[in-house]
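Order of the sequence lines fixes the chain letters, A, B, ..., with proteins taken first and strands second; residue numbering starts at 1 for each chain.
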Amino acid sequence: MSLKLYNTLTNQKEEFNPIEKNKVRMYVCGPTVYDKCHIGHARCYIAFDVIRRYLEYCGHDVTFVENFTDVDDKLIRKSNETGEDPFEIAERNIGDYFRDMDALNVKRADMYPRATQHIPDMIAFIERLLEKGDAYVADGDVYFSVEKVADYGRLSGVNVEQMKAGARIAVDEKKRDPLDFALWKKAKEGEPKWESPWGEGRPGWHIECSAMSLKHLGETLDIHGGGQDLIFPHHENEMAQSEACSGKQFVRYWLHNGFVTIREEKMSKSLGNIVSVEDLLQEYSPETLRYFLVASYYRKPIDFDEDALEEAKKAVARLLNTVDLVKEARQGDFTGESLSTDHYRQQFQEAMNDDFNTPAALAVLFELARDVNRRIEEKNVDKESLENVLNTFMELGGDVLGLFFEVKHEEFSEELLEILISVREQVRKKNLWDISDTIRDRLREIGIALEDTPEGTRWKFVRD
RNA sequence: GCCGGGGUCGCCUAGAGGCUAUGGCCGCGGACUGCAGAUCCGCUCACGUGAGUUCAAGUCUCACCCCCGGCUCCA
C-alpha cells in the first residue's frame, strides 16, 4: 500500500518517493498579508495541514516551511489607501493569521520565513541568475529571461507562442520579451526599498519563494503546494528561475488545492462576498469549519453556503458524539466481544493513500462510529476494544484530520455542576418537569448540554 | 480562442471495467424516552444525452448538451 499523489507537473497520480527516505521537504506558499484570512485561505492551509499530518502519520519526518509575503503591490496599495505603514499592516495580519489558523487547529509550520527578512538571499539569487545570463538589468529593474528556459510553460500548460500572440500580456518597454518577469523592481516614490547592486528597489513576487525555499530546504523540494491560482504565473516562474539557478529539478511533486466559491460565485473584492475566517468563527465551531473543508477532496472546488455549513455541523457532531460515548463507555463495566479496528485503519489509509481522499477517509470513520455505537448500545464490547477504538478515532480523526482536539474551557466548578445535576435528578423523580427542564435549558445556553440516559444524566460542553 | 476540471439519490460527497454503487444531511417508519438530546434498526428504483469497445461500462472510446476554473490581482 503506497501513497499516491496527483502531481500538477505531470497531470497524473504518482507514487510518492521523497528524495531522502522518510524525510519530506515541503514548502507551501503562504499568504500575502495585506488583509484578513478568508475561507479560501482556510481551505488551502487546512488541506496542506492534513497532507502534512498524514505524511507524519506515515512515519515521515516532515520539514514544513510556509512563507509570508510581507512586501508587494497589494500591501503598498493598502498602505497608500489607509496611510498605515505597510510593515505594520503586515505585522497585524500575520498576528491575525496565527490566531485564525491556531483556532482551526492548523499545526504550525517549522518555519515562517518572510520576504523582508530574506532580501540579501534574493539579491544573491538574482546575481547568480545574472551571472548565468538568465536575467538582465534594465533601468534599475531586473528581469528573468523566459526564452532561456526551453520548456517554459511545462507546469501550467500555458502555450508560450500563443501568449505572445495574444493581447493579454501587458506591454512593457523595459522587457525584452513580454513574458519576462521582474526579479527586482526599481524603487518608486514612497515605497519600501532596499539597497541592491542595481540601485534601490524591492524584490519581485516570485523570487522570494525560490530564494527562501532554497535557503531553508535546499535545491530540490519534495512537495510544493499552494492554491490552484498560483500555478500560473507564480509557480511556473518560481520553477523557471530556481531550475535556471541550480540546474536541478526544483520540485518533485507540485500539489494544488481547488478554490472555494461563495454561493456559486467566485469570491472577490469587487463582488464583496469575501467571507473571513474571523467572522465564520463567530458563527461556527472550528470543528464544523474544518469538517466542511475536509469533507471534499482537496483538488475539487467547494461551494460555500450556510446550508452546507449547517450540514457539516451536524455531520461532525455525529463523530464528536461517538467519541464522547466511547470515552464514557470505557469508564463503565463493559464486557463482550472484541471489536478490532484493523479493518477501519486499513480502509482509512487506503483512502488517504489515494491522493489524500479525505471524503472517503471520513466515510470510514462514520462506519466505525456506527459499528461502535451499535456495540455500545448492545453492551457487547470489551473495554480493551473501546480503548482501542478511542485511540483509533484520536489518531485518524484527531491527529490526521485534525477534527478532534481539546479546547480550553473557562474555569468553572465541576462540583457545583454535579450538585445542580443531582438536585435536578431529585425534582425529576417528583415529576417536576418544568424545573428540571429550566435547569437543562439554562445550562445549554451557557454551553453545557445535559443528556438523560437510563444510566443517569451526563453532561458535556457543546459548541455550535 | 487556448488549457484544465466536472455533470452520481431531494441536497452534499466518494467510487474510474466485474459480487447487493461510499459516507453524510434531509425525509418517512420503528426502538429507547416524561420531554429533549444522543444512539440503534428499517425504508426511500442516483451514474447528463446518444452511439461504440467488451462476456461485463458511473468506470474505456467518440460525438453532443450543460456547468466551473485558469490564461500575469488572487489560497
Enumerate the residues from residues 292-303 of chain A whose closest heavy atom to RNA chain B is under 4.0 Å, giving them by residue number; use none for an empty result.
Ala295(A), Ser296(A), Tyr297(A), Lys300(A)
What integer number of Å spans the C1' atoms of C60(B) and C47(B)?
15 Å
Whether Trp433(A) stacks on the six-membered ring of G34(B) base, 5.5 Å and 30° limits:
yes
Sugar-phosphate only, base, or nothing, as touched by Asn357(A) at under 4.0 Å among non-hydrogen atoms
sugar-phosphate
Aromatic contact, Phe64(A) with Tyr27(A) (centres under 6.0 Å):
no
Per-residue pairing states of RNA chain B in dot-bracket (Watson-Crick or G-U under 3.5 Å; . unpaired, | other strand) read (((((((..(((.....[....))).(((((.......)))))....(((((..]....))))))))))))....
Of the nucleotides G34(B), U39(B), U72(B), which has the atom closest to the Glu377(A) side chain?
U39(B)
Taking the six-membered ring of Phe366(A) as reference, does the NZ or CZ atom of Arg318(A) fall below 6.0 Å from its centre and within a 45° cone about the axis?
no
Which nucleotide in the list G34(B), A75(B), C25(B) gets nearest to the side chain of Val260(A)?
A75(B)
Asn373(A) has its side chain closest, among C40(B), G23(B), A75(B), to C40(B)
If you check the Arg458(A) side chain, which of A38(B), U13(B), C74(B) turns out closest?
A38(B)
Suppose we screen for salt bridge (charged side-chain N to carboxylate O under 4.0 Å, His left out). Which residues come up paired with Arg375(A), at least two apart in sequence or across chains?
none
Polar side-chain contact Arg370(A)-C40(B) base: donor and acceptor under 3.5 Å
no
For His234(A), answer base if it contacts any base atom (sugar-phosphate contacts may also be present), sugar-phosphate if it contacts only those atoms, and nothing otherwise; contact means non-hydrogen atoms under 4.0 Å.
nothing
Let me confirm one number: the CG-CD distance from Asp96(A) to Glu278(A), rounded to the nearest 0.5 Å.
6.0 Å
Does Asn11(A) or Gly40(A) map to a spot on RNA chain B nearer the 5' end, using the closest nucleotide for each?
Asn11(A)
Any base atoms under 4.0 Å from Leu230(A), or only sugar-phosphate, or nothing? Heavy atoms, all strands.
sugar-phosphate
For atom C1', what is the distance between G23(B) and C9(B), given to the nearest Å?
13 Å
Could you tell me whether the side chain of Arg440(A) has a donor or acceptor atom within less than 3.5 Å of a complementary atom in the base of A36(B)?
yes
Of Tyr291(A) and Thr322(A), the one whose closest RNA chain B nucleotide lies more 5'
Tyr291(A)
When we call it a touch if two heavy atoms are under 4.0 Å apart, what does Ala315(A) touch: a base, just sugar-phosphate, or nothing?
sugar-phosphate
Side chain of Pro359(A) only, please: which of C71(B), U13(B), C12(B) is the nearest?
U13(B)
Contacts under 3.5 angstrom, residues 325-338 of chain A side chains, donor-acceptor by atom type, not counting sequence neighbours:
unit_1	atom_1	unit_2	atom_2	d
Glu328(A)	OE1	Arg458(A)	NH1	2.9
Arg330(A)	NE	Lys327(A)	O	3.3
Arg330(A)	NH1	Glu387(A)	OE2	3.0
Glu337(A)	OE2	Asn380(A)	ND2	2.9

When the P atoms of U49(B) and U39(B) are compared, how many Å lie between them, rounded to an integer?
36 Å
Between Thr69(A) and Asp72(A): side-chain donor-acceptor atoms closer than 3.5 Å
no
Partner set under side-chain contact (heavy atoms from CB on, under 4.5 Å) for Glu191(A), not counting sequence neighbours
Ile76(A), Lys188(A), Arg202(A)
Go through the side-chain N and O atoms of Asn237(A) and Tyr152(A) and say whether any donor and acceptor fall under 3.5 Å apart.
yes
Separation of atom CG in Asp371(A) from atom C1' in G23(B), rounded to whole Å
13 Å
Can you tell me how far C1' of G37(B) sits from CZ of Arg442(A), to the nearest Å?
20 Å
In whole Å, what separates the P atom of C11(B) from that of G17(B)?
27 Å
Between CG of Leu450(A) and P of U33(B) the distance, given in whole Å, is 19 Å
Base G34(B) paired with Asp437(A) side chain (donor-acceptor, <3.5 Å)
yes
Determine the interatomic distance between P on U59(B) and the same-named atom on G52(B); round to the nearest Å.
14 Å
Considering only heavy atoms and no angle criterion, is a donor-acceptor pair shorter than 3.5 Å present between the side chain of Arg428(A) and the base of G34(B)?
yes
If you look at every strand shown and take non-hydrogen atoms under 4.0 Å, does Asn237(A) touch a base, only sugar-phosphate, or nothing?
nothing
Hey, does the Lys NZ or Arg CZ of Arg43(A) hover above the aromatic six-ring of Phe259(A), less than 6.0 Å from the centre and inside 45° of the axis?
no
Is there a side-chain polar atom (N or O) of Arg318(A) under 4.0 Å from OP1 or OP2 of C40(B)?
yes
When the P atoms of U61(B) and G70(B) are considered, how many whole Å apart are they?
26 Å
State, without any angle test, whether His206(A) and His235(A) hold a side-chain donor-acceptor pair at a distance under 3.5 Å.
no
Between Asn321(A) and Lys460(A), is any side-chain donor less than 3.5 angstrom from a side-chain acceptor?
yes
Is any N or O donor-acceptor pair between the side chain of Glu367(A) and the base of G23(B) shorter than 3.5 Å?
no
Separation between the P atoms of A38(B) and U22(B), rounded to whole Å
25 Å
A46(B) versus G10(B) - spacing of their C1' atoms, nearest Å
11 Å
How is Thr453(A) classified with respect to the nucleic acid when contacts are heavy atoms under 4.0 Å: base, sugar-phosphate, or nothing?
base
Of the residues in residues 73-81 of chain A, which ones touch RNA chain B at a heavy-atom distance under 4.0 Å?
Lys74(A)
Using a heavy-atom cut-off of 4.0 Å across all strands, would you classify Ile376(A) as base, sugar-phosphate, or nothing?
nothing
State whether the aromatic ring of Phe259(A) stacks on the base of A75(B), taking stacking to mean ring centres under 5.5 Å apart and ring planes under 30° to each other.
yes
Look at all strands and tell whether Phe181(A) reaches a base, only sugar-phosphate, or nothing, counting heavy atoms closer than 4.0 Å.
nothing
